[in-house]
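Scroll down for the structure; my scribbles are underneath it.
These figures come from a predicted structure and were not determined experimentally. Within every chain, numbering begins at 1; the chains are lettered A, B, ... in the order of the sequence lines, protein sequences first and strands thereafter.
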Number of protein chains: 2
Amino acid sequence: MLNHWALSDCEKKVPKGKPRKKPSTTPVTIHDVAARAEVAISSISRVLSGHPDVSERMRIKVLRAANELGYEPDFFAQSLRSGATKTIGFIIRDISNPFFGVIAQCCEQELRKAGYSMMLMNSDGDVATESTNIAQLRRRKIDGLIASLVSEDVPELKSSLEKLNAPVVLLDRELTGFNSSAILTNHHQGIEDATADLISRGHSRIAFISGSTRVYTTRDRLKGFKSAFKKAEIAYPSNLVSLGKFDAEFGESETKRLFTLIDRPTALISGGIGSTAGAMRGLKKLGLIPGKDLAFVAIDEWPMFDVFGQHYSSVYRDAAMIGREAAAALLEMMNGGSSRTIIVDTTYIVRESSGGGLKAKRK
Amino acid sequence: MLNHWALSDCEKKVPKGKPRKKPSTTPVTIHDVAARAEVAISSISRVLSGHPDVSERMRIKVLRAANELGYEPDFFAQSLRSGATKTIGFIIRDISNPFFGVIAQCCEQELRKAGYSMMLMNSDGDVATESTNIAQLRRRKIDGLIASLVSEDVPELKSSLEKLNAPVVLLDRELTGFNSSAILTNHHQGIEDATADLISRGHSRIAFISGSTRVYTTRDRLKGFKSAFKKAEIAYPSNLVSLGKFDAEFGESETKRLFTLIDRPTALISGGIGSTAGAMRGLKKLGLIPGKDLAFVAIDEWPMFDVFGQHYSSVYRDAAMIGREAAAALLEMMNGGSSRTIIVDTTYIVRESSGGGLKAKRK
DNA sequence: GCATAAAATAGAAACGTTTCCAGAAACGAG
DNA sequence: CTCGTTTCTGGAAACGTTTCTATTTTATGC
């Protein structure tokens with residue numbers, strides 16, 4: 001609601017009566033406007049902030065003076081006094097991950113439309129950094145926070161989020177006992193479909209690599225994985241499940257480990273773009289080709305997937321939608337609305353890489 | 001230099017003498033600390049900001065009081081008074097582009113270490129949005145700006161950047177007559193090498209697709225492209241050069257257009273990840289395979305290139321280094337140093353896709 | 001011990017807003 | 001015409017710092 005008064009022609013004239021200190025940059029304050037319009041500064045503030053108790057005559061006088069002077073209210077003075085900062089914090093584990101990039105982009109677009117700016121902080125998957133970031137955002141009195149947290153069970157996490165005194169939207173995280181909105185993904189459905197498909201093709205030794213079970217993401221994926229085995233009444237291959245970190249290093253080393261077991265898996269589902277990148281590297285080094293030497297399903301698609309991932313099966317989810325929904329949920333809360341939980345669907349998309357693995361099984 | 005006093009045990013005791021309004025959040029101000037330490041508020045400020053004229057006795061008294069109360073200076077009051085905001089603006093055309101994502105990530109890391117926070121703004125390749133973003137950052141009195149601008153010749157651009165009154169680092173842009181640091185890429189070297197290689201393999205009808213010539217990036221790339229032809233004393237195929245936008249749509253439509261010409265090109269160099277994505281799509285739809293039906297060189301590598309782009313030749317540059325250098329240059333300027341121009345190298349990396357195109361030439 | 005300089009401290013004035021409060025117009029109703 | 005009620009406006013007090021200036025204390029040289 002700031003700066004919404006009509007700008008006609010900004011003459012940018014320095015007021016004559018009161019010479020200000022520095023005529024260089026933007027020395028025009030509310031006092032200058034008040035002097036020019038010959039009214040009190042409180043009236044300037046009222047007009048510009050859209051206060052109802054303002055006469056039409058006053059409105060015109062003030063608006064004209066403000067425009068003539070090219071007045072812009074000082075952001076920090078406003079925030080100091082009013083408490084609102086029109087800033088929202090965005091904490092993410094890794095902005096270089098294109099999946100998060102898309103989320104951030106869409107979020108920023110929506111928030112900008114609503115007059116908010118976005119403060120971006122990477123936590124690099126590190127709990128300590130994340131905690132510093134939260135503290136930093138608290139000092140900056142953000143109006144709201146959107147976060148993809150590193151872990152859900154950090155001791156002081158909830159209290160530090162509460163101290164923010166601002167609405168919070170969590171991305172793919174469940175924090176019980178803390179009032180926040182959440183954009184969750186229905187991972188289990190897509191994973192279950194994928195796993196079931198692999199089972200129906202004859203696989204039983206299916207490897208599964210994803211991040212830490214300390215976040216909803218992994219737990220929900222695992223749920224889908226297990227569920228498919230249960231429904232098929234096949235023993236669940238717990239020794240082929242490797243859950244630890246979302247990064248490529250983990251994905252690569254675990255892929256190498258699992259696929260050099262004596263009784264190696266015939267299929268692989270790997271979770272998160274980082275994980276998948278690692279898995280692909282591992283497979284490449286082992287000389288194993290997805291769709292031929294093993295069946296393979298990637299969780300999440302990466303940029304240019306249509307060109308470079310065209311024969312890879314995937315469990316797909318819409319990053320742009322997640323970003324938009326997060327922004328919408330936060331805006332609603334900041335406008336006094338209540339928190340909500342939104343669940344975004346995933347879809348198992350079958351492509352060539354779902355084949356293979358079986359004929360080479362007993363070589 | 002803020003908040004660097006040692007925190008031992010924050011007892012978080014509300015001062016007894018002066019009951020503050022809200023005992024809920026963080027009502028502890030510099031006055032409370034002054035009252036507890038029984039000194040003037042100016043002394044608190046001096047101690048905490050590391051002013052030299054402070055006795056050891058005072059230092060200890062103040063630090064103890066501050067820690068006992070868990071005092072944190074109000075960010076907005078500080079900024080209002082001092083003018084410094086410890087905030088740097090980051091304007092980028094498209095954060096969902098992983099190349100920019102990496103730059104942003106590395107920047108943020110470096111800036112965070114130095115105590116700065118990053119305000120991220122997307123301009124979506126739109127000049128008007130970019131201009132709004134700059135205005136927004138001016139209101140927020142950023143201490144510095146890192147920007148990848150949409151275009152270099154926007155009328156009011158220079159003046160709006162000057163009005164920021166803060167050091168600016170430009171990414172791959174040349175703005176003559178405006179004092180700023182710049183992280184440029186030596187595109188022409190890599191492109192020239194790539195073009196020369198293609199020429200030496202017998203190509204002469206080499207297509208070239210990249211963004212607008214209104215930015216340094218494209219001009220420097222074109223320079224390398226032309227230079228290779230000149231050195232080889234071959235006519236430069238101006239009708240096969242298509243420069244317009246960096247996005248995938250442009251890349252795709254131009255690829256389709258160029259490769260359906262009667263005398264179609266035998267090779268393609270496409271610039272920027274967006275462009276390349278489009279080009280790849282176009283080629284795929286035309287049923288042309290890089291490395292076979294045409295020789296192909298991509299400018300910039302994308303995530304997981306080692307796995308999914310393994311047979312694509314590229315003109316490579318180090319995004320992480322660009323990010324780090326940008327941060328370093330900005331920090332230097334903010335500390336009173338002068339502006340500088342850094343040139344990051346590119347390397348032509350030959351892979352399989354540089355082959356092909358010729359045998360199918362006269363079918 | 002005394003003048004002089006230097007160091008340390010307190011007090012108050014900014015910084016540029018918003019918002020509270022009280023008073024002044026404007027407006028009907030009696 | 002007066003009285004109460006609204007509507008509007010001006011003045012001043014916050015908001016929580018930093019920084020300037022003046023004053024007090026301490027150190028230094030003779």
Side-chain angles (χ1 to χ4, degrees), chain A residues 1-3 5 15 18 20-22 25-35 37-62 65-66 69-86 138-141, chain B residues 1-3 5 15 18 20-22 25-35 37-62 65-66 69-86 138-141:
Chain A
M1 285 308 232
L2 299 170
N3 271 346
W5 62 87
K18 251 189 194 173
R20 308 290 304 178
K21 283 173 193 170
K22 290 179 184 176
T25 47
T26 310
V28 43
T29 76
I30 200 171
H31 289 98
D32 302 323
V33 184
E38 297 177 315
V39 298
I41 59 161
S42 47
S43 298
I44 309 291
S45 175
R46 258 183 311 246
V47 170
L48 264 33
S49 63
H51 193 95
D53 292 352
V54 161
S55 72
E56 193 53 25
R57 217 169 66 87
M58 173 69 83
R59 245 181 60 81
I60 291 171
K61 246 197 308 191
V62 168
L69 262 42
Y71 169 67
E72 285 190 355
D74 183 278
F75 183 75
F76 288 83
Q78 284 186 316
S79 296
L80 172 60
R81 188 56 238 242
S82 69
T85 60
K86 285 285 175 184
R138 175 164 50 94
R139 276 204 68 214
R140 288 175 176 265
K141 295 207 183 71
Chain B
M1 286 305 232
L2 298 171
N3 271 346
W5 62 87
K18 253 188 191 173
R20 310 288 305 177
K21 284 174 193 168
K22 289 178 183 178
T25 47
T26 310
V28 43
T29 77
I30 201 172
H31 289 97
D32 301 324
V33 184
E38 297 177 316
V39 298
I41 59 161
S42 49
S43 299
I44 309 291
S45 175
R46 256 181 319 236
V47 169
L48 264 33
S49 63
H51 192 96
D53 291 351
V54 160
S55 73
E56 193 53 25
R57 219 170 63 88
M58 174 68 84
R59 248 182 57 79
I60 292 171
K61 246 196 312 188
V62 168
L69 262 41
Y71 169 67
E72 284 189 355
D74 182 280
F75 182 76
F76 287 84
Q78 285 186 317
S79 297
L80 172 61
R81 187 57 238 243
S82 69
T85 60
K86 286 286 177 181
R138 176 164 48 92
R139 276 204 69 214
R140 288 175 177 262
K141 296 207 182 67

Looking at CZ of B/R46 and CZ of B/R59, how far apart are the two atoms once the value is rounded to the nearest 0.5 Å?
14.0 Å
Could you check which of C/dT18, D/dT19, D/dT17 has an atom nearest any side-chain atom of A/Q78?
C/dT18
When the distance from CG of B/L80 to C1' of C/dG16 is rounded to whole Å, what number comes out?
6 Å
Nearest-angstrom distance from the residue atom CD1 of B/I44 to P of C/dA8:
16 Å
Whole angstroms only, please: what is the CD1-P distance between B/I30 and D/dT19?
11 Å
Provide, to the nearest angstrom, the distance between the CG atom belonging to A/D74 and the P atom belonging to D/dT17.
17 Å
Nucleotides 6-12 of chain D: protein proximity per nucleotide (B base, S sugar-phosphate only, - neither; heavy atom, under 4.0 Å)
--SBBBB
Taking all non-hydrogen atoms of both residues into account, name the closest pair between A/T29 and A/Y71 and its distance.
C-CE1, 3.5 Å
Separation of B/L48 atom CG from D/dT19 atom C1', in whole Å?
15 Å
So do B/V62 and B/L48 actually touch side chain to side chain, heavy atoms under 4.5 Å?
yes
Closest approach of B/V28 and B/G70, non-hydrogen atoms and distance?
CG1-O, 4.1 Å
Rounded to 10 degrees, the angle between the two terminal axes of the helix from C/dG1-D/dC30 to C/dG30-D/dC1, each from five pairs
40°
Check whether the side chain of A/R81 and the base of C/dT17 form a donor-acceptor pair under 3.5 Å.
no
Could you tell me whether a side-chain N or O of B/S43 sits under 3.5 Å from a main-chain N or O of B/V39, the two making a donor and an acceptor?
no
Within the structure, does a side-chain N or O atom of A/S45 lie under 4.0 Å from either OP1 or OP2 of C/dT18?
yes
Do any N or O atoms from the side chain of A/S79 and from the backbone of B/F76 form a donor-acceptor pair under 3.5 angstrom?
no
Atom-to-atom span, NZ of A/K141 to C1' of C/dT17 - whole angstrom:
14 Å
Starting from the C-alpha separation in whole Å, work towards a yes-or-no answer on salt bridge (charged side-chain N to carboxylate O under 4.0 Å, His left out) for B/E72 and A/R138.
CA-CA 10 Å; B/E72 284 189 355; A/R138 175 164 50 94; 3.4 Å; yes
With side chain to side chain contact (heavy atoms under 4.5 Å, CB included) as the criterion, how do A/R140 and A/T85 come out once you've worked through the C-alpha distance, each side chain's angles and the decisive distance to 0.1 Å?
CA-CA 8 Å; A/R140 288 175 176 265; A/T85 60; over 6 Å; no
State, with a plain yes or no, whether a side-chain heavy atom of A/I30 is found less than 4.5 Å away from one of A/P73.
no
